[in-house]
Trainee: 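Quick one: the structure is below, and I'll ask about it shortly.
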Protein chains: 2
Amino acid sequence: MDFLSRETAVAEKANLHSVAAHAGVSIATVSKVVNGIHLGMSQATLERVQASINELGYRPNRTGRGLRTLRRFMIGLAVVDPSPTFLTDPFTTNLVAGLSNYLSEQDFGLLLHGIKPRQVEQSFLVRENVVDAFCLMLSGSANSRRTNTAMFAGLNHPLVVFQCKPDETLQDICYINQDDRGGALELAKHILLREPANALIVIPDIFWPAIEKRVEAFWEVLRGAGVATKVLRCDEHSADHIGHSISQHIGRHGLPDVILGGNDKIAVAALQMLDSRGVSVPDQVAVSGFNAFEQHRHAGGNLTSASSPAYEMGVLGGKLLLKRLQSTAFEKNEYTLPVKIIPGATA
Amino acid sequence: MDFLSRETAVAEKANLHSVAAHAGVSIATVSKVVNGIHLGMSQATLERVQASINELGYRPNRTGRGLRTLRRFMIGLAVVDPSPTFLTDPFTTNLVAGLSNYLSEQDFGLLLHGIKPRQVEQSFLVRENVVDAFCLMLSGSANSRRTNTAMFAGLNHPLVVFQCKPDETLQDICYINQDDRGGALELAKHILLREPANALIVIPDIFWPAIEKRVEAFWEVLRGAGVATKVLRCDEHSADHIGHSISQHIGRHGLPDVILGGNDKIAVAALQMLDSRGVSVPDQVAVSGFNAFEQHRHAGGNLTSASSPAYEMGVLGGKLLLKRLQSTAFEKNEYTLPVKIIPGATA
DNA sequence: CTGAAAGCGCTTACAG
DNA sequence: CTGAAAGCGCTTACAG
C-alpha cells in the first residue's frame, strides 16, 4: 500500500477537526450541527458552522461514526447462487430493487454479494464483521439451504430470509415469503372455470420450494375437481428445451385442455411451441404462468398468470430489519405476502 | 436508539481485546495473526491465538480497521435511473454481477444504490463519505449525464463511468465503454451480404448514447453501400408498441429487406410481429438485434445480434478501481471493450 | 450555550 | 519474539 500518497489525499479531505478550526468552534459543536441537534444553539454559531461545512465541502465520515455508534448503517444481501450472473432472475432483481430503495430512503446502504453455495464460509461477509444485519436469498437443495441459513444465523446478526421454509431452531431470524400456495389455489380455481378434463403442469427439473408449493396447490384443486392431471419436469434453461419436452409429452399423451406453467418463462415457451404447431390458445389449450412482473406485463402476449410481490418483499425485508435494529427482537418470525392472479387472454 | 440493549449485544461479540485476553497475549499480536503477519512469531503463540479466535468466533470488525487504515474496502455503484426497478435491464444486471463478483474476490464490498436523476445530491452516498470509490451508470439526457458525472467527480474519490462519452475537464475519472460503433459496423457489413435494397433501423424514442452510436454506424455502412435506409423511433416499453409502430411504418413505406433493431428487445418484438403477419424471416425480411446476453441466447429464436461485454465491463471497472486505490491515478482514462457479432438464423 | 475528554476496534512504527 | 501506545473520525455524557 502506498501510505504516503494516501496520507496526502486524506489531508485534503475535510473532517470534524478542520471544520471546527475553520469555524472557530469545537468538534463537538460541529458534530451537533451535522446531526441536526441544535437545541438552544446560538443562531450565529449554527450559521458559522454551516458556512464552514459548505466551504470546505465536508462530508461526514461514516467509518468514524460507525465505530463510535457501533452501527455500520449497512445491510448485507447474500444471494446464494451457483451462477456468476446471479441477478438474471426478475424475482431477484425486483426484490433487490425494493430492498435497495427502501434502505436508501433510510440512509442505509445495501451491500450486494453473490456467493456460490459451497463458498459461503469463505465470503468476507461471513468471515468479517461488515454489516449490521443480513438478508438471504437461497437456491439449491433443502439441505444446502438449511446449512447456509444456519451459517448466517450463527453470525449473531439479525437475519431476514426470503422464500424459504422457516427453521424453528434458529434465533433472531425472520422469513418473508410470497403466498405461492394461495396464488396457485386461486389460479387453479380460475382455470377450473374452463371445465378442463385433463391438465398438464410443467415445472423446472431443479428443486425450488416455491415451485413445489405451486404444484401442490394446482394438484389439489385440479384433482379435487376430477381433472386428470400430470406433472412434467423439464430443463427450463432454454425455451427450445421446454418446448421440446412439452411437445414430446403431448406426442405420447395427447393435447391437454390446459397447461399450467410453474413460472412465466415456461408458460411463454409453451405458448411459442403451441403457436409454431398451429395450436390455438386458449381455444384448444389454455395456458397459465406464475410470477409475473409489472415491467414485463407488456412484453409478450396477454398471459394469464399470478403476480409476484418480489419488490414489496424487498421493501418489507428492509423495514423489518431496520425496526429490528432499533429493538431487541423481530416482532413476528414469518410474513407471507399475497400473490394475486392476473386473468389474461390465455386461460 | 436503545443504547442499553446495544451495549449488551456488543458485549457478547468477540473483539481484539477479548481474544487477546483469552489467549494471554496483546491485541497487537492477535491483529498480526488475523492479518497473516507471522514473521518470526512463535508457533506456540500462533496456535494459541488461532485457537482463541476459533473458540470465541472472532470476526474482525471492518469499521475499526477502516478507521485506522482510512479504507472502507467498499465501492459504491450509483445507478441513476428514473425507475424504481432500476435493475431490469440485462445490461445493468450483467455489469453489476461482474463488478460484484470481482470485488467479492478481492474482499471488497459493493454498495448498490439506485438514484433518481434529480435526487443525486440528496443521496447519502453523495452527502456522506461512505465508500473508497464510485462506479456510475447513467441514464437521461446528455446534459443530465454531464451534471451527474461532474457531481460525483467533485466528491474527491476515484470514479469509473460506464457507457458514457468522456468529459476531458474532469479529474480522476475513467470511462469504460463497449465498442458499439465497432459492433454495429461489423453487424451492418454482415447484413450487407444479403444485398438488401432497403433497410429499416428501429430504435427507442428516448436518448441513449450507445444507441446513437449504433445507428450512426448502421447508417454509414448501409448508405455507403447504396441501401435506401430509414430510421424509426418508437416507444420500446412494450413489444406490442414496437410491433405496432413497425407495422404502421411498413404500411406506409412497404416491407424493407432488413430490419435492424437498436437492441434485442426491439428485434424480438419485430420477429413476433412479422410472424403474426405471416412474413417469413429471413426470406422476406432479415432481422438483427444488438446487445445479446449469454443467458438469454437460448431464450427465443436464433436471432442475429451482437454480444454485449457488460459482465466484463463490470469486472474491468472493479479491477481498475482497485488498482487506482493502490496508486495515485488511473493509467488510462478510457477503455473500450469489443462487441462481437453473433450470426444467427434471422439475418 | 459550548467544549474537553473518553472511547468505539483496529493497525503499525517503535521500543524492549 | 511481543507489547505499549498513538491515533484514524466520530458521538455523547458531563462539566462549566
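What you see below is based on every heavy atom in this structure, not just the backbone, and it leaves out hydrogens, waters and symmetry mates. Each chain gets a letter, A, B and so on, in the order the sequences are listed, and its residues count up from 1.
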Trainee: Can you check whether B/Thr29 has a side-chain N or O nearer than 4.0 Å to OP1 or OP2 of D/dT2?
Mentor: no
Trainee: Of the options D/dA4, C/dT2, D/dG9, whose atoms approach the side-chain atoms of A/Asn61 most closely?
Mentor: D/dG9
Trainee: Would you mind classifying the nucleic acid contact of B/Val34 as base, sugar-phosphate or nothing, using non-hydrogen atoms under 4.0 angstrom?
Mentor: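 Counting heavy atoms under 4.0 Å across all strands, no contact is made by B/Val34.
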Trainee: Using the closest heavy atom to pick a nucleotide of DNA chain D for each, name whichever of B/Leu67 or B/Val25 lands nearer the 5' end.
Mentor: B/Val25
Trainee: In whole angstrom, what separates B/Arg71's CZ from C/dT12's C1'?
Mentor: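 My rounded result for the distance is 16 Å.
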Trainee: Atom NZ of A/Lys32 and atom P of C/dG3: how far apart are they, to the nearest Å?
Mentor: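 Atom NZ in A/Lys32 sits about 9 Å away from atom P in C/dG3.
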Trainee: Any salt bridge linking A/Glu128 with B/Arg62? Criterion: basic side-chain nitrogen under 4.0 Å from a carboxylate oxygen.
Mentor: yes
Trainee: Just the rounded figure in Å: distance from P of C/dT12 to CG of B/Leu16.
Mentor: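 So the two atoms are 12 Å apart, to the nearest Å.
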Trainee: In terms of heavy-atom contacts, does CZ of A/Arg127 have more than 12 from other residues, nucleotides or ligands at under 6.0 Å?
Mentor: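 Atom CZ in A/Arg127 is crowded, with more than 12 foreign heavy atoms closer than 6.0 Å.
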Trainee: Counting side-chain heavy atoms from C-beta on, which of D/dT2, C/dA4, C/dC8 comes nearest to A/Ala28?
Mentor: C/dA4
Trainee: Would you say the ring centroid of B/Phe124 lies under 6.0 angstrom from that of B/His113?
Mentor: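 Ring-ring flag for B/Phe124/B/His113: true, centres closer than 6.0 Å.
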Trainee: Take a 6.0 Å sphere around CD of A/Gln106 and say whether it holds more than 12 heavy atoms from other residues, nucleotides or ligands.
Mentor: yes
Trainee: Does OP1 or OP2 of D/dG9 have a side-chain N or O of A/Arg65 closer than 4.0 Å?
Mentor: no
Trainee: Under 3.5 Å for both donor-acceptor distances, Watson-Crick or wobble: does C/dA4 have a partner, and if so which one?
Mentor: none
Trainee: Paired with C/dA13: which nucleotide, if any, by Watson-Crick or G-U wobble criteria at under 3.5 Å for both distances?
Mentor: none
Trainee: Between C1' on C/dG9 and CG on B/Leu70, what's the gap in Å once rounded to a whole number?
Mentor: 14 Å
Trainee: Please report, rounded to the nearest Å, how far the P atom of D/dC10 is from the CG atom of A/Asn15.
Mentor: 6 Å
Trainee: Does A/Ser42 or B/Tyr58 map to a spot on DNA chain C nearer the 5' end, using the closest nucleotide for each?
Mentor: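 Of the two residues, A/Ser42 wins.
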Trainee: From D/dC8, C/dG3, C/dG7, pick the nucleotide closest to the side chain of A/Ser26?
Mentor: C/dG3
Trainee: Starting at atom CZ of B/Arg62, determine the distance to atom P of C/dC8, rounded to an integer number of angstrom.
Mentor: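 Whole-Å distance recorded here is 22 Å.
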Trainee: Can you list the steps and then say if A/Val33 with A/Ile53 is a side-chain contact (heavy atoms from CB on, under 4.5 Å)?
Mentor: CA-CA 10 Å; A/Val33 172; A/Ile53 287 174; 4.2 Å; yes
Trainee: In whole angstroms, how far is the P atom of C/dA4 from the CD1 atom of A/Ile27?
Mentor: 9 Å
Trainee: Within the structure, does a side-chain N or O atom of A/Thr45 lie under 4.0 Å from either OP1 or OP2 of C/dT2?
Mentor: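 For A/Thr45, the contact criterion (side-chain N or O under 4.0 Å from OP1 or OP2 of C/dT2) is met.
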Trainee: Have a look at A/Asn35 and say if it touches a base, only the backbone sugar-phosphate, or nothing, with a 4.0 Å heavy-atom cut-off.
Mentor: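 Here A/Asn35 touches the backbone only, sparing every base.
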Trainee: Quick one: label A/Thr63 by what it contacts on the DNA or RNA (base, sugar-phosphate, nothing), any heavy atom closer than 4.0 Å.
Mentor: nothing
Trainee: Measure from NZ or CZ of A/Arg71 to the centre of the six-membered ring of A/Phe108, then state whether that distance is under 6.0 Å and the direction lies within 45° of the axis.
Mentor: no
Trainee: Please report, rounded to the nearest Å, how far the P atom of D/dT11 is from the NE2 atom of A/His17.
Mentor: 12 Å
